[in-house]
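I am attaching a structure below and will ask some questions about it afterwards.
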Amino acid sequence: MNKIEHIGIAIKNMDEAIKNYEILLGTKCYKVEEVASEGVKTAFFKVGESKIELLEATNPESPIAKFILKRGTGMHHIAFDVTDISKEIERLEKEGYQLIQRSPKNGADNKLIAFLHPKSTEGVLVELCQERVQ
């Protein structure tokens, strides 16, 4: 794990949340992107070497919609930058961590991603991120 890549926050209204976080962080949102495969719209803010990712559901069956229905808005996950996501998945699986994905998939902000189940990480959803090579 190289660094905290971003913290994901589940929100209900993207426009309102962007305005709120631009004021809070004193910086502009640098990217808004939809990830159709996950049923989510994302917005990113740079904060030092890390980022904040806002997550809004684009359909009622998306993981974010289900999360908000069950737990309300708020922190959804913490993401860590890794050098080789496939090797990190393999290492963590050997160590006994429960994986949500056993192979990386495309995510927002030009990343390959995989999630660890919160049952393995003290109740926190953990995302592994690796920059996609273009």
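Values below: all heavy atoms of this structure, side chains included; hydrogens, waters and symmetry mates excluded. Residue numbers count from 1 along this sequence.
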Could you tell me whether the side chain of Asn59 and the main chain of Glu61 form a donor-acceptor pair under 3.5 Å? yes
Look up atom CG in Asp81 and atom CD1 in Ile4, then write down how far apart they are to the nearest 0.5 Å. 11.0 Å
May I have the step-by-step check of side-chain contact (heavy atoms from CB on, under 4.5 Å) for Lys111 and Glu131, ending in yes or no? CA-CA 5 Å; Lys111 301 285 186 264; Glu131 192 78 21; 2.5 Å; yes
Nearest heavy-atom neighbours spanning Ser86 and Pro104: OG-CG, 3.8 Å
Report yes if the side chains of Cys29 and Glu22 come closer than 4.5 Å at any heavy-atom pair, otherwise no. yes
Within one Ile-Leu-Val-Met-Phe-Trp-Tyr cluster: Leu99 and Ile85, side-chain cutoff 4.5 Å: yes
Are Phe80 and Tyr97 joined in one hydrophobic group, where the rule is that I, L, V, M, F, W and Y side chains link up if heavy atoms are under 4.5 Å apart? yes
Assess whether atom NZ of Lys31 is packed by more than 12 heavy atoms of other residues, nucleotides or ligands within 6.0 Å. yes
Quick check: are there more than 12 heavy atoms from other residues, nucleotides or ligands sitting under 6.0 Å from NZ of Lys3? yes
Hey, does the side chain of Glu38 reach the backbone of Pro63 with a donor-acceptor pair shorter than 3.5 angstrom? no
For the CG atom of Leu25 and the CG atom of Asn20, what is their distance to the nearest 0.5 Å? 9.0 Å
In short, Met1 meets Val82 closest at the heavy-atom pair SD-CG1, 4.0 Å
SB check Glu88 Arg91 (cutoff 4.0 Å): yes
Please report the closest heavy-atom contact between Lys41 and Thr58, naming both atoms and the distance. N-CG2, 3.7 Å
Please identify which of these residues, Asn13, Ile18, Thr42, meets the side chain to side chain contact (heavy atoms under 4.5 Å, CB included) condition with Leu54. Ile18
Separation between CD (Glu16) and CD (Glu56), nearest 0.5 Å, reads 10.0 Å
Is Thr83 close to Asn2 at the side-chain level, that is, under 4.5 Å between some pair of heavy atoms? yes
To the nearest 0.5 Å, what is the distance between CD1 on Ile7 and NE2 on His76? 13.5 Å
Determine whether Phe44 and Ile11 fall in the same hydrophobic cluster, where Ile, Leu, Val, Met, Phe, Trp and Tyr are linked whenever their side-chain heavy atoms lie under 4.5 Å apart. no
Share the residues that join Phe67 in a hydrophobic cluster, the rule being Ile, Leu, Val, Met, Phe, Trp or Tyr side chains under 4.5 Å apart at the heavy-atom level. Val35, Val40, Leu55, Ile64, Ile68
Identify the heavy atoms of Asp109 and Glu33 that sit nearest to each other, and give their distance. N-OE1, 2.9 Å
Between CD of Gln101 and CD1 of Ile89, what distance do you get to the nearest 0.5 Å? 7.5 Å
Determine whether Met75 and Phe45 fall in the same hydrophobic cluster, where Ile, Leu, Val, Met, Phe, Trp and Tyr are linked whenever their side-chain heavy atoms lie under 4.5 Å apart. yes
Gap separating the CG atom of Leu128 from the CD1 atom of Ile113, nearest 0.5 angstrom: 9.5 Å
Linking I/L/V/M/F/W/Y whenever any side-chain heavy atoms sit under 4.5 Å apart, do Tyr30 and Tyr21 land together? no
Contacts of His77 meeting side chain to side chain donor-acceptor pair (under 3.5 Å) (sequence neighbours excluded), chain-then-number -> His6, Glu53, Glu127
Shortest non-hydrogen contact from Pro60 to Ala65? O-CB, 3.6 Å
Return yes if some donor-acceptor pair links the side-chain N/O of Asn110 with the main-chain N/O of Arg132 below 3.5 Å, else return no. yes
